[in-house]
Amino acid sequence: MLELQKAYDPQQHEEGIYKRWEDSGFFNPDNLPDAKTREPFTISLPPPNVTGTLHMGHAFEDTVQDIVIRFQRMLGKKTLWLPGTDHAPIATESKVAKMLEKDEGKRKSDLGREEFVNRVKKFAQESHDTIVNQVRSMGASVDWSREAYTFDEKRNLGVRTAFKRMYDQGLIYRGFKVVNWDVKGQTVISDDELVYVERPAKLYTFRYSTDFPINISTTRPETKVGDTAVAVHPDDARYQKYIGQEYDAEFCGVPVHVKIIADQSVEKDFGTGALGVTPAHSMIDAEIAERHGLPMKQVINEFGKMTVGDDTMMGKKTTEAREIIVEWLKEQKLLEKEEDIKQNVSTAERTGGVIEPLPKLQWFVNVNKEFPLAHSEIAGIKTGEMVTLKKLMSHAVESGQITIQPERFEKIYFHWIENLRDWCVSRQLWFGHQIPVWYKGKEIFCDINPPSGDGWEQDPDTLDTWFSSALWTFSTLGWPESTKDLQTFHPTSVMIPGYEILFFWVARMILMSTAMLGQIPFKQVVLHGMVRDSQGRKFSKSLNNGVDPLDMTSKYGTDALRMAMVFGAAPGNDLIFDEQKVKGMKHFANKLWNISRFVLTVILREAKNLDPSVVSLPQDDKLTEADKTILAELVQATKDVTKHLEEFRLHEAAQTVYDFVWHKLADVYLEASKPQLLNEATADNTKKILLHNLIMSLKLLHPFMPFVTEHIWSLLKERGLVTEELLMVAKWPLPLPLSSP
RNA sequence: GGGCGGCUAGCUCAGUUGGUUAGAGCGUCACAUUGACAUUGUGAAGGUCACAGGUUCGAUUCCUGUGUCGCCCACCA
């Protein structure tokens, strides 16, 4: 007789099952049966940051991708799911810097670059190990033999190669421009790393001096000592007579020379309709200054402190200088008015610090420069054709070679490209890919390897983390070498990231892959939403509302967590995390377990010689109504689940299979089978149909709940009821014709 | 300022080209049940599908507008 526990205990089996999968070698596509004839199917795992531990968002992401990969593997594809981690310089470096300050009271400069970077690497390694274990515990069937890291040797070679090639094509240049300076993080950041925060502010209206003819308005009087012009609208009748004139003034002890200019970008109706132009400390003003050839005058330094003025102002923070100037304006009776307004202040996404626009010499990717595409496999673009990076990015999606789901994000993508400015890629951080450029006097040398000879010094800056991430789909496959992996698995099949990194990552991958390889990086992008807490808030450290996925898996089982994550979660929509749902799915796993217990018990009760042919389907004319119904419903469920999975409607697939297993098979057919089993005329058929339904259900459920299904499968295998050793590589049931496995 | 999304049962959400009584999970209520499973079963209550127009034989679904919550982009200095 069977001795199966009454309840399924995930804890008891999960680790061993994952080990069996790993030991089988089937996570590696090369080891799959008939690997040579299989069609490749590839997913690159969006690499989690090595800054700590995985959160619910990662658990969600791992689940979704594993479902797709397991489904495709069972369909007979040569499935590669390539894992890795991201070195995430800003986050990782600041985390280690904080720990250093807290534990040892030291700053990173106390250690020096080399020692500090070693510390960060050590931290990253520990964090990496934690993350890898968490990915494992989610049941992710990734190919660990191909694991990559955005900051390992191979990826570093990829980064240097890409930089060098783009430099040679003029796609990367060094320029002195106003950039987003993060005073707190002491580094430049790109436009995409800005977050606008609305704050109350004061709008001051004043003039530079008593003999200056025009009032201007600003929220930042302290920057006005750096003004080199006042801009008005060309059609503004009030100021026509002043256009072209130049004035000198002594503004709070600082001499300013201001030219009145006319520019279309000025709003007549805002403030006085006249704009003080500060070319060094405003992105917009810098653009105006460029159009009019105005000089740039820097008055604030990297620490957000004043670099001009007398003792009262020099070296003061901008906020202090502001008060000093306002006080001076009041004394001089130059202040016309002071209004309370709401203002959007740009801050750094990572550090939260206020951005101080500053002119700096930095490296940029030129997105508008025309260049001949050296090699193209992109439909609609010939090898050697003149393109721009912007054009490559938009063409890949416009032409339908890459589809983005949900579709509405395609519009957002195009809009982003239209407004895209050159991408600042240099960062003043120590942990990261150092820019492969060397200087000696006025000489500049860019190559993959350092120049020979003495006296060369490498650029101290490192590259934006997204520069290396942008190469991810192909750097992980061995690029710049022309490896077999690269030929086999690139372009990848589908990319499944969160919608919040559409610009940061997805767009940049398209940029790099098309420009470097002349290939799209992936055929489909399926964006998922964010996991939020029960009140709809983001999970964050400051709110301390995090839920550890590992707590959930140990409490309810990994299968339950996985099923709960996709059940009712439509693509691209945020997901409210609810522990009750996980609990419910634990019940479902147990339900499946008990269905299996029942089926196994009735089949094995009388069977003497267990013959796998028991699985073959019975004759039509002997079927009862209940038999016919469940068989028809199974066919329908199989069809629906397959179609939903093919089209990435995982939530629908999950719902369909859940409903079939619980409410059709268990609630209806199992009950109907009881009397049928007691009747000699129908008993045999009933057993066959029960077993057939169980086997099909296990297959349909496996991508969602791999552990419990694999465990039950092993029980069937032990009794010779199925042929394949592992359900993981068993053949996906094709809806028609109804086949015996 | 521009764009997008949500608004469906008490709660969290599905609803795949417009089509008979609009679904699920959890929750609630009643009843049942010691032989797969109480981590159960049967049944019930509960929705003017935000609102107003329009198209249509027919609209939760398509169009227009309004309200409301949220997100993205721009940055008016």
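The structure displayed is predicted, hence computed values, not measured ones. Residue numbers start from 1 in every chain, and the chains themselves are labelled A, B, ... in the order their sequence lines are given, proteins ahead of strands.
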Partner residues of [X] under the salt bridge (Lys or Arg N to Asp or Glu O under 4.0 Å) criterion, sequence neighbours left out:
{"X": "A:K717", "result": "none"}
{"X": "A:K555", "result": "A:E579"}
{"X": "A:D235", "result": "none"}

Set of side-chain hydrogen bond (donor to acceptor under 3.5 Å, both in side chains) partners for [X], sequence neighbours left out:
{"X": "A:W328", "answer": "none"}
{"X": "A:N590", "answer": "none"}
{"X": "A:S714", "answer": "none"}
{"X": "A:T228", "answer": "none"}

Problem set entry | Interface with RNA chain B, restricted to residues 213-236 of chain A and to heavy atoms under 4.0 Å |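 By residue number: A:S217, A:T218, A:T219.
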Seminar exercise, completed: Nucleotide by nucleotide, nucleotides 68-76 of chain B touches protein heavy atoms under 4.0 Å in the pattern (B base, S sugar-phosphate only, - none) -----SBBB
Exercise. Is there a donor in the side chain of A:Y499 and an acceptor in the side chain of A:D574, or the other way round, less than 3.5 Å apart?
Worked result: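 Yes, A:D574 and A:Y499 have a side-chain donor paired with an acceptor closer than 3.5 Å.
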Exercise. With pairs taken as Watson-Crick or G-U wobble and both distances under 3.5 angstrom, which stems of at least three consecutive pairs involve RNA chain B?
Worked result: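 So far as stems of 3 or more pairs are concerned, RNA chain B shows B:1-7 with B:67-73, B:10-13 with B:23-26, B:28-32 with B:40-44, B:50-54 with B:62-66.
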Please table the atom pairs, donor to acceptor, closer than 3.5 Å between any side-chain atom in residues 275-292 of chain A and protein atoms at least two apart or in another chain.
residue: A:T278; atom: OG1; partner: A:K224; partner atom: NZ; Å: 3.2
residue: A:T278; atom: OG1; partner: A:D227; partner atom: OD1; Å: 2.6
residue: A:H281; atom: ND1; partner: A:P357; partner atom: O; Å: 3.1
residue: A:H281; atom: NE2; partner: A:V299; partner atom: N; Å: 3.0
residue: A:H281; atom: NE2; partner: A:I300; partner atom: N; Å: 3.3
residue: A:S282; atom: OG; partner: A:I284; partner atom: N; Å: 3.3
residue: A:S282; atom: OG; partner: A:D285; partner atom: N; Å: 3.1
residue: A:S282; atom: OG; partner: A:D285; partner atom: OD1; Å: 3.4
residue: A:D285; atom: OD2; partner: A:T278; partner atom: N; Å: 2.8
residue: A:E287; atom: OE2; partner: A:R421; partner atom: NH1; Å: 2.8
residue: A:R291; atom: NE; partner: A:D263; partner atom: OD2; Å: 3.1
residue: A:R291; atom: NH2; partner: A:D263; partner atom: OD1; Å: 3.1
residue: A:H292; atom: NE2; partner: A:D263; partner atom: OD2; Å: 2.7

Collect all protein-nucleotide pairs involving nucleotides 7-13 of chain B in which both atoms are nitrogen or oxygen and the distance is under 3.5 Å.
residue: B:C13; atom: O2'; partner: A:G568; partner atom: O; Å: 2.6

